[in-house]
Amino acid sequence: MIQYKPVLPIFYNKSTLELAQNLLGCVLVKETEEGVASGYIVETEAYMGPDDQAAHSFGNRRTKRTEVMFDQAGTVYTYTMHTHTLVNVVCAGVGIPHAILIRAVEPLDGQELMGVRRSGRPKKEWTNGPGKLTKALGIKMDDYGKHFMKPPLMICEGWPTDILTIQAGPRIGIDNSGEARDYPWRFYVADNPFISK
DNA sequence: ATCTCGATTCCCT
DNA sequence: GGGAATCGAGATT
């Protein structure tokens, strides 16, 4: 049984781009009645609220869905896209609607459960995409608005960051977002086999 | 009340 | 590499 240590609240207290990189190597843990499933975060994307055309909170757009983006750093922002649930880490200060999308993880705990949830597909395809990893880990809209500090959904200490080679590039799936399309706000662990396409 | 379109995935060619 | 699936949030009427 792996002992999970949630990262301290102060961990979230840094700039969005910095946090997006620091999240790499951390472990995303989800507890459900079926069991615990977890994975190392290997790919993230930063969305910078007011000035980022690709963000749901562009221009400080505040709706029922984006409401939690204005909450404190470390809050869970889930939303549904094409029937898939995507999970984000809210960051920056209260009132500043930034968030970081978790795009891929490397399976750690509960692999049998993940295999079942992913319909017996090859392990490589369990968590190599933002909608896939939520299904494998059992993350749902129920987690919306909670905090990553407490169960059932947590971000815990994982790999030491200094062993990782981090690469950056443009974000994915936002071609209709004007200039923001080209910002290099996607971060991923070099050569990791679970990076999304 | 209705319309549009997507921070995706899967299957098919 | 391309297109359908599929549904709800947000915008419009």
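Excluded from the calculations below are hydrogen atoms, water molecules and symmetry mates; all remaining heavy atoms, backbone and side chain alike, are included. Letters A, B, ... are given to chains in the order of the sequence lines, protein chains preceding strands, and every chain is numbered from 1.
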Interatomic distance, OH@A:Tyr47 vs OH@A:Tyr77, rounded to 0.5 Å, equals 11.0 Å

Whole-Å gap separating C1' (B:dC10) and CH2 (A:Trp126)
19 Å

How close or far is atom C1' of B:dC10 from atom CZ of A:Arg117, stated in whole angstroms?
20 Å

Rounded to the nearest angstrom, tell me the gap between atom OH in A:Tyr79 and atom C1' in B:dC5.
13 Å

Choosing from B:dA7, B:dC11, B:dT8, which nucleotide comes nearest the side chain of A:His84?
B:dT8

Within this structure, what is the CD-to-P distance between A:Gln53 and B:dC5, rounded to whole angstrom?
16 Å

Nucleotide nearest A:Met81 when distance is taken to its side chain, options C:dT6, C:dA9, B:dG6:
B:dG6

So, with a heavy-atom separation below 4.0 Å from DNA chain B, the residues of residues 127-140 of chain A are A:Gly129, A:Pro130, A:Gly131, A:Lys132

With heavy atoms under 4.0 Å as the rule, sort A:Leu101 into base, sugar-phosphate or nothing.
base

Is there a side-chain contact between A:Asn60 and A:Pro97, using heavy atoms and a 4.5 Å cut-off?
yes

Which nucleotide in the set B:dA7, C:dA9, B:dT8 lies at the smallest distance from any side-chain heavy atom of A:His82?
B:dT8

Without swapping roles, check the side chain of A:Ser38 against the backbone of A:Asp109 for a donor-acceptor pair under 3.5 Å.
yes

For residues A:Leu153 and A:Leu28, determine if any side-chain heavy atom of one lies less than 4.5 Å from a side-chain heavy atom of the other.
yes

A:Arg61 near the nucleic acid: base, sugar-phosphate alone, or nothing, with a heavy-atom cut-off under 4.0 Å?
sugar-phosphate

Rounded to the nearest angstrom, tell me the gap between atom CG in A:Leu86 and atom P in C:dG8.
15 Å

Ignoring backbone atoms, establish whether A:Arg65 has a side-chain N or O less than 4.0 Å from OP1 or OP2 of C:dG8.
no

Quick one: A:Arg103 CZ to B:dT9 P, roughly how many Å, whole number?
7 Å

Any non-hydrogen side-chain atom of A:Tyr40 less than 4.5 Å from a side-chain atom of A:Val105?
no

Check DNA chain C for consecutive Watson-Crick or G-U pairs with both distances under 3.5 Å and list the runs of at least three as stems.
B:1-6 with C:7-12, B:8-12 with C:1-5

Of A:Arg171, A:Lys197, A:Arg186, A:Lys132, which is the lone residue that meets salt bridge (Lys or Arg N to Asp or Glu O under 4.0 Å) with A:Glu43?
A:Arg186

Find which nucleotide of DNA chain B each of A:Ala55 and A:Arg118 is nearest to by heavy atoms, and output the residue with the more 5' nucleotide.
A:Ala55

Can you find a heavy atom in the side chain of A:Val189 that is under 4.5 Å from one in the side chain of A:Glu106?
no

Assess whether one donor atom and one acceptor atom, taken from the side chain of A:His56 and the base of B:dA7, lie less than 3.5 Å apart.
yes

Heavy atoms under 4.0 Å, any strand shown: does A:Arg121 hit a base, just sugar-phosphate, or nothing?
sugar-phosphate

Show the numbers, then the answer: is there a side chain to side chain contact (heavy atoms under 4.5 Å, CB included) between A:Val7 and A:Tyr12?
CA-CA 9 Å; A:Val7 296; A:Tyr12 299 98; 3.5 Å; yes

Report the residue from A:Thr165, A:Leu164, A:Thr161 that forms a side-chain contact (heavy atoms from CB on, under 4.5 Å) with A:Leu24.
A:Leu164

Pairwise 5' ranking along DNA chain B for A:Glu125 and A:Ile172, keeping only the more 5' one:
A:Ile172

Count the heavy atoms belonging to other residues, nucleotides or ligands that lie under 6.0 Å from CD1 of A:Ile163, then report whether that count exceeds 12.
yes

Over all strands shown, is A:Thr80 touching base, sugar-phosphate only, or nothing at heavy-atom distances under 4.0 angstrom?
nothing

Could you tell me how far C:dT6 sits from B:dT2 if I compare only their P atoms? Round to whole Å.
22 Å

Closest approach of A:Ala54 to A:Ala180 (non-hydrogen atoms, all atoms of both residues)
N-CB, 4.1 Å

Expressed in angstrom and rounded to an integer, what is the separation of A:Asn88 atom CG from B:dT8 atom P?
11 Å

Distance between the P atoms of B:dA7 and C:dG1, in whole angstroms?
22 Å

Between B:dA7, C:dG10, C:dT6, which one does the side chain of A:Thr83 approach most closely?
C:dT6

Please give, in whole Å, the distance from B:dT8 P to A:Asn176 CG?
12 Å

